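Reviewing the structure listed below.
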Amino acid sequence: GEEFECMIASCTDTEIVCKTQKKSSKHLITNSGRHPTFGPGYVWSVQEITIAPGDTINWIWNLQVASDDTKISVHQVSDSTLDEYDGVGFKSMRSANGRFSKTFTNTGTFYYSSEPVFQDGLFMKGVIHVVAPTEDVSSNLKVTMSSIEAIQEITDEIPIPPKEGCAISNDLSCVADAEITDTYVFTTAHCLTPSVTSVEVLSGGAESNKTGFYIYNGAKLSISGTGFSSELCENVIKIGDSKCVVESNTDTDLSCTIDGSDVSLYSLSDHDIQVSILNKGNAVNDVQSSLDHSFKLMPNVDSVSATSGSWAGGNLFKISGSGLLPDGGKDTVLV
């Protein structure tokens, strides 16, 4: 369909395996609006907009008459009455000509403003509503190779094979049957979409602040929401690209431990949490703030290879622990 694509994971002569992915939309906001006093260039072209999770806002501004004191910026604020940066959300540089992009993965309402455009204190404000779809959407399957479209022979539903020893449920009883003609139909259903409403660090967390959770390898997380699976193996949780091993589950609560055994995460970089259910798909993040599901892995040293050596140097010193992979390479580490 027009809203989804299927990213191919494997392909043989008789079978294609792919994962559905929503096509993200990009929305452009410029400074082409007209201010009642100062004229064009001092109001955003769109001051209120509704988008879907995963969509991107692109701000572009260009002041025709600029000075050292006349510049535009974009930053997140706590509500529509405030102008000051909230200290945790998105923020751009201030310039006469510039651009800034932000992808919104959480549902909710996000307010933004500029710094004073000039000394008179003019602020350029806006609001973004991120709303998950509530209506089911049915799309016809289309498979093409180069410019040739495959014909489709409609047969009975094929059961989903187990994945990694997990017998995957395929209960679609909450979805109305689509009318099938000469093509297969895939329905994205609200009742099959899980949601994450809160995330908590149960153990292994460093001191948290407004910029997100700081955790150590081995941290245990608690995740609340709706639409989770009662089968343990059907719940998949990732922090960035690394799995968080699920240890307990209900249809509204999950707990998992970050062990870093599959993928090493960069330290002190933002890593988002993603929950998916086999074979429903990804959960929507309905947490209050985008920072409530953002994690930074802290470095931790638990052993060293030596405690003494020559005063002239030359001793090979091995430091072991977790969270020691720096974003930016070895030049960013000082020992």
Side-chain angles (χ1 to χ4, degrees), residues 1-11 14-25 27 49-55 104-109 129-144 149-164 166-198 223-238 246 249-254 273-287:
E2 296 182 356
E3 296 187 10
F4 288 86
E5 56 187 346
C6 204
M7 308 305 294
I8 295 177
S10 63
C11 182
T14 59
E15 181 181 81
I16 298 173
V17 177
C18 62
K19 180 180 290 186
T20 59
Q21 179 175 299
K22 185 181 182 299
K23 295 179 181 178
S24 298
S25 298
H27 307 269
I49 188 171
T50 299
I51 65 175
D55 285 0
F104 292 83
T105 57
N106 280 37
T107 59
T109 299
H129 305 285
V130 185
V131 180
T134 57
E135 296 184 356
D136 297 353
V137 177
S138 295
S139 304
N140 292 330
L141 174 66
K142 183 178 181 180
V143 180
T144 60
E149 183 174 348
I151 62 172
Q152 300 182 38
E153 299 179 4
I154 308 303
T155 61
D156 294 335
E157 182 180 353
I158 301 174
I160 300 174
K163 181 178 181 181
E164 299 177 357
C166 182
I168 301 173
S169 170
N170 197 28
D171 183 8
L172 307 177
S173 57
C174 68
V175 183
D177 292 334
E179 183 179 349
I180 299 176
T181 54
D182 57 348
T183 63
Y184 286 99
V185 176
F186 184 82
T187 301
T188 55
H190 179 69
C191 67
L192 295 178
T193 305
S195 69
V196 174
T197 55
S198 69
I223 301 152
S224 298
T226 60
F228 303 152
S229 176
S230 58
E231 295 293 332
L232 185 73
C233 63
E234 289 188 351
N235 300 285
V236 178
I237 305 173
K238 285 191 172 184
V246 181
N249 66 297
T250 68
D251 58 354
T252 58
D253 292 284
L254 301 172
I273 188 170
Q274 178 64 66
V275 177
S276 61
I277 312 300
L278 305 175
N279 183 41
K280 290 182 180 179
N282 295 334
V284 173
N285 288 318
D286 285 328
V287 292

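Remember, it's a predicted structure, so these values are computed and weren't measured experimentally. Along the sequence shown, residues carry numbers from 1.
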**Prompt:** Where do Val236 and Leu278 land on the side chain to side chain contact (heavy atoms under 4.5 Å, CB included) test, with the steps shown first?
**Reply:** CA-CA 8 Å; Val236 178; Leu278 305 175; 4.2 Å; yes

**Message:** Checking Ser230 now: which residues fulfil side-chain contact (heavy atoms from CB on, under 4.5 Å) with it, not counting sequence neighbours?
**Reply:** none

**Prompt:** So, for Cys191 and Val175, which heavy atoms are closest and what is the spacing to 0.1 Å?
**Reply:** SG-CG2, 3.9 Å

**Item:** Approximate separation, where rounding is to 0.5 Å, of Ile154 CD1 and Gln152 CD
**Value:** 5.5 Å

**Request:** Please examine the side chains of Thr193 and Lys280, heavy atoms only from C-beta on, and report whether any two atoms are closer than 4.5 Å.
**Result:** no

**Request:** Nearest 0.5 Å please: distance from the CG atom of Asp55 over to the NZ atom of Lys23.
**Result:** 13.5 Å

**Asked** Would you say the side chain of Asn106 lies within less than 4.5 Å of the side chain of Asp286, judging by non-hydrogen atoms?
**Response** no

**Item:** Point-to-point distance, once rounded to the nearest 0.5 Å, from CD1 of Ile237 to CZ of Phe228
**Value:** 7.5 Å

**Asked** Which atoms form the tightest heavy-atom contact between Asp136 and Ala189, and what is the distance?
**Response** OD1-CA, 3.3 Å

**Nearest heavy atoms of Ile277 and Gly227, plus distance in Å** = CG1-O, 3.9 Å

**Non-hydrogen atoms of Ile168 and Asn279 that approach each other most closely** = CG2-N, 3.4 Å

**Item:** Nearest atoms (heavy-atom pairs only) where Gln274 meets Ala283
**Value:** NE2-O, 3.4 Å

**Message:** So His27 and Ile51, do their side chains get closer than 4.5 Å, heavy atoms only?
**Reply:** yes

**Prompt:** Given the rule in the side chain to side chain contact (heavy atoms under 4.5 Å, CB included) test, do Ile273 and Ile223 qualify, once you have shown the distances and angles that lead to the verdict?
**Reply:** CA-CA 10 Å; Ile273 188 170; Ile223 301 152; 3.5 Å; yes

**Fill in**
Tightest non-hydrogen contact, residues Gly54 and Ser24, listed as O-OG, 2.9 Å

**Message:** Just so I know, are the side chains of Leu192 and Cys174 near enough to count as touching, which here means a heavy-atom distance under 4.5 Å?
**Reply:** yes

**Pair Thr197-Ser224, side-chain donor/acceptor within less than 3.5 Å** = no

**Side chains of Val284 and Thr107 in contact at under 4.5 Å (non-hydrogen atoms)** = yes

**Asked** How about Pro53 and Thr105: do any of their side-chain heavy atoms sit closer than 4.5 Å?
**Response** no

**Message:** To the closest 0.5 Å, what do you measure between CG (Asp182) and CG (Asn140)?
**Reply:** 8.0 Å

**Spacing of CZ belonging to Phe4 relative to OG1 belonging to Thr188, to within rounding of 0.5 Å** = 4.0 Å

**Asked** Ignoring hydrogens and geometry, is there a side-chain-to-backbone donor-acceptor pair from Tyr184 to Glu153 under 3.5 Å?
**Response** yes

**Message:** Under 3.5 Å, is there a donor on one side chain and an acceptor on the other for Thr109 and His129?
**Reply:** yes

**Heavy-atom check, side chain of Val143 versus side chain of Ile16, under 4.5 Å** = yes

**Message:** Within this structure, what is the CD-CG distance for the pair Glu231 and Asp251, rounded to the nearest 0.5 Å?
**Reply:** 12.0 Å

**Request:** With sequence neighbours excluded, tell me which residues meet side chain to side chain donor-acceptor pair (under 3.5 Å) with Asn282.
**Result:** none

**Any Cys166 side-chain heavy atom under 4.5 Å of Glu234 side chain** = yes

**Message:** Working note: His190 + Glu135, criterion side chain to side chain contact (heavy atoms under 4.5 Å, CB included); need CA distance, chi angles, decisive distance, verdict.
**Reply:** CA-CA 6 Å; His190 179 69; Glu135 296 184 356; over 6 Å; no

